[in-house]
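Structure first, commentary second.
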2 protein chains.
Amino acid sequence: MPKVARKEKILEKASGLFRNKGYHGTTIRDISEASGILSGSLYAHIRSKEDLLFEITDRGAEHFLQSVRPIIEGEGDAITKLRKAMVAHVQVITDHLEAATVFFHEWKSLTDERRHMIQTKRDEYEGLWAQLLVEGMNEGCFRKVDEKFARLLILSAMNGLYQWYQPDGEQTPIEVAERYASILLAGLAHREGSAL
Amino acid sequence: MPKVARKEKILEKASGLFRNKGYHGTTIRDISEASGILSGSLYAHIRSKEDLLFEITDRGAEHFLQSVRPIIEGEGDAITKLRKAMVAHVQVITDHLEAATVFFHEWKSLTDERRHMIQTKRDEYEGLWAQLLVEGMNEGCFRKVDEKFARLLILSAMNGLYQWYQPDGEQTPIEVAERYASILLAGLAHREGSAL
DNA sequence: CCTACCGATCGGTAGG
DNA sequence: CCTACCGATCGGTAGG
């Protein structure tokens, strides 16, 4: 196996283990076994266990940024862009379930410098959504609610997906995202329901 | 310090450490330092590190069940009950931030038997929400959407709270819950907005 | 990429 | 609840 492919295999196996057992719950020997390489030999490909965590987390961050940024910074009305951005976000989660989970959960185990690098990307990503929500409220197509509040609600709701989404389920990522968008935009209650 | 108070202090310190560093990232020596007891002496109060994790997780589960069950099984229309149940759920999170985080994140580190015990309580809790949503759809006050889908969206959105809620912030738990309920019930979009 | 290994630290225990 | 300690395992390295 070529060297790059071997490294990718190690990253892939480590992602799965970090997702299921956590970073601290996963040992170098777990990763070496899953990769079919003895633990000492792993260090021909990586410099440290934390390097693996950083690389996985950073890739996760980049997936989200690169998928969603062009949509939010592009043309269109806010509702259309919100739908598209939600579809893109959900697809990053479903296409990279392991990396997304590690990105959400395990980044806090990084040591200072690298944790700050990831934090910066997280802030940038949240900023994109903030921009979209403010835009939509100014355009008048969103109700004027607290922006930070709405943003965290939307992101939390979508991010919950990684805990229950099953790739072999009936629903495609696009269907999932559309249903989320529908409920979040239109609400759960009937219009003729009691006073809201 | 009486024995029971000492045990409570250990549980409290362990909750905070498990929340911040994860179960596997926390050592017995971390817990003993935080509690002001030498690590060997800890075992006069606990039988194992996993016992601590189980007790914290199980208490978390019970907080949610005991707060929300009476509301959902009580009288009232579904919209009122949904609001109340959301307030109760949010208050469990804000009142027991550490235990709630451990309940959401770290329960998977339990070994088989105990993990199953927690899984059973999780299922029971989700069942309560399922019951409420089905009730609301049958009463006609909720739109007929996929029940499982709506339930996971609501729970995911609320559970995201433990990641960003700050006890010293401006918003009270009740305000947070009310805002969540408002967006989830009425939706983010203006009624006169584009076709939904 | 393997063999052989290391110092540090882990969860936990014996005896008082 | 302390002192003293243990076997196991950890992340990582030297030399080939």
Side-chain angles (χ1 to χ4, degrees), chain A residues 1-58 102 105-115, chain B residues 1-58 102 105-115:
Chain A
M1 199 182 291
K3 204 174 172 188
V4 178
R6 186 71 80 176
K7 175 75 182 286
E8 286 307 312
K9 184 170 182 180
I10 293 169
L11 280 167
E12 191 190 311
K13 295 297 182 184
S15 301
L17 286 162
F18 290 169
R19 167 175 158 90
N20 290 324
K21 308 176 64 169
Y23 174 68
H24 290 297
T26 300
T27 69
I28 282 292
R29 285 158 180 84
D30 289 334
I31 299 169
S32 73
E33 267 176 47
S35 311
I37 302 176
L38 292 188
S39 67
S41 310
L42 215 55
Y43 289 86
H45 301 278
I46 67 171
R47 279 185 307 174
S48 70
K49 187 186 169 190
E50 201 198 315
D51 271 29
L52 278 175
L53 177 61
F54 178 70
E55 198 154 336
I56 293 165
T57 311
D58 191 58
V102 174
H105 263 157
E106 304 297 329
W107 70 283
K108 284 188 181 169
S109 295
L110 289 166
T111 49
D112 286 351
E113 192 186 353
R114 289 163 148 180
R115 198 178 60 251
Chain B
M1 196 182 293
K3 205 175 171 188
V4 177
R6 187 70 81 177
K7 176 74 183 285
E8 286 308 312
K9 184 171 184 182
I10 294 169
L11 280 168
E12 192 190 309
K13 295 297 182 185
S15 302
L17 287 161
F18 290 169
R19 167 175 158 90
N20 290 324
K21 308 175 64 169
Y23 174 69
H24 290 297
T26 301
T27 69
I28 281 292
R29 283 159 182 84
D30 289 334
I31 298 169
S32 73
E33 268 177 47
S35 310
I37 303 175
L38 293 186
S39 66
S41 310
L42 215 56
Y43 289 86
H45 301 278
I46 66 171
R47 279 185 308 174
S48 69
K49 187 185 169 191
E50 201 197 315
D51 271 29
L52 279 175
L53 177 60
F54 177 71
E55 197 154 336
I56 293 166
T57 310
D58 191 58
V102 174
H105 264 157
E106 303 298 329
W107 69 284
K108 285 188 180 171
S109 295
L110 289 166
T111 48
D112 285 351
E113 192 186 353
R114 289 163 148 180
R115 200 177 59 252

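Order of the sequence lines fixes the chain letters, A, B, ..., with proteins taken first and strands second; residue numbering starts at 1 for each chain. Note that this is a predicted model, so its numbers are computed, not measured.
Going from atom CG of B/Leu38 over to atom P of D/dC1 covers 10 Å, rounded to whole Å. Rounded to an integer number of Å, the gap from OH of A/Tyr43 to P of D/dG11 is 7 Å. Rounded to a whole Å, the CG atom of B/Leu42 is 10 Å from the P atom of D/dC2. Rounded to whole Å, the distance from CG on B/Leu52 to P on C/dG11 is 11 Å. Between the CG atom of B/Leu17 and the P atom of C/dC10 there is a distance of 13 Å, given to the nearest Å. Between the NE2 atom of A/His24 and the C1' atom of D/dT9 there is a distance of 16 Å, given to the nearest Å. In this structure, the CZ atom of B/Arg47 is 14 Å from the C1' atom of C/dG12, given to the nearest Å. A/Lys49 has its NZ atom 15 Å from the P atom of D/dT9, to the nearest Å.
Distance from the side chain of A/Ser48 is smallest to D/dG12 among D/dG12, C/dC1, C/dG12. Among the nucleotides C/dG12, D/dG12, C/dG11, the one closest to the side chain of A/Ile28 is D/dG12. The side chain of A/Ile37 lies closest to C/dC1, out of C/dC10, C/dC1, D/dG12. The listed nucleotides are C/dC5, D/dC2, C/dC1; the one nearest the side chain of A/Arg29 is C/dC5.
Under the 4.5 Å side-chain criterion, counting only non-hydrogen atoms from C-beta, A/Ile37 is in contact with A/Arg6. Side-chain contact between B/Ile46 and B/Glu55 is absent, with no heavy-atom pair separated by less than 4.5 Å.
Summarising the geometry of A/Ser109 relative to A/Tyr23, their closest heavy-atom pair is CB-CD2, 3.7 Å, with the distance given to 0.1 Å.
A/Thr26 comes within 4.0 angstrom of the backbone, heavy atoms only, and of no base. Among the heavy atoms of the strands, none lies under 4.0 Å from A/Ser35.
With DNA chain D read from its 5' end, the first of the two nearest nucleotides for A/Gly40 and A/Asp30 is the one closest to A/Asp30.
One finds the OG atom of A/Ser15 at 3.5 Å from the CD1 atom of A/Ile56 (value rounded to the nearest 0.5 Å). Rounded to the nearest 0.5 Å, atoms NZ (B/Lys13) and CG (B/Asp30) are 12.5 Å apart.
Figure legend. D/dT13 is base-paired to C/dA4; pairs are counted as Watson-Crick or G-U wobble with both atom distances under 3.5 Å.
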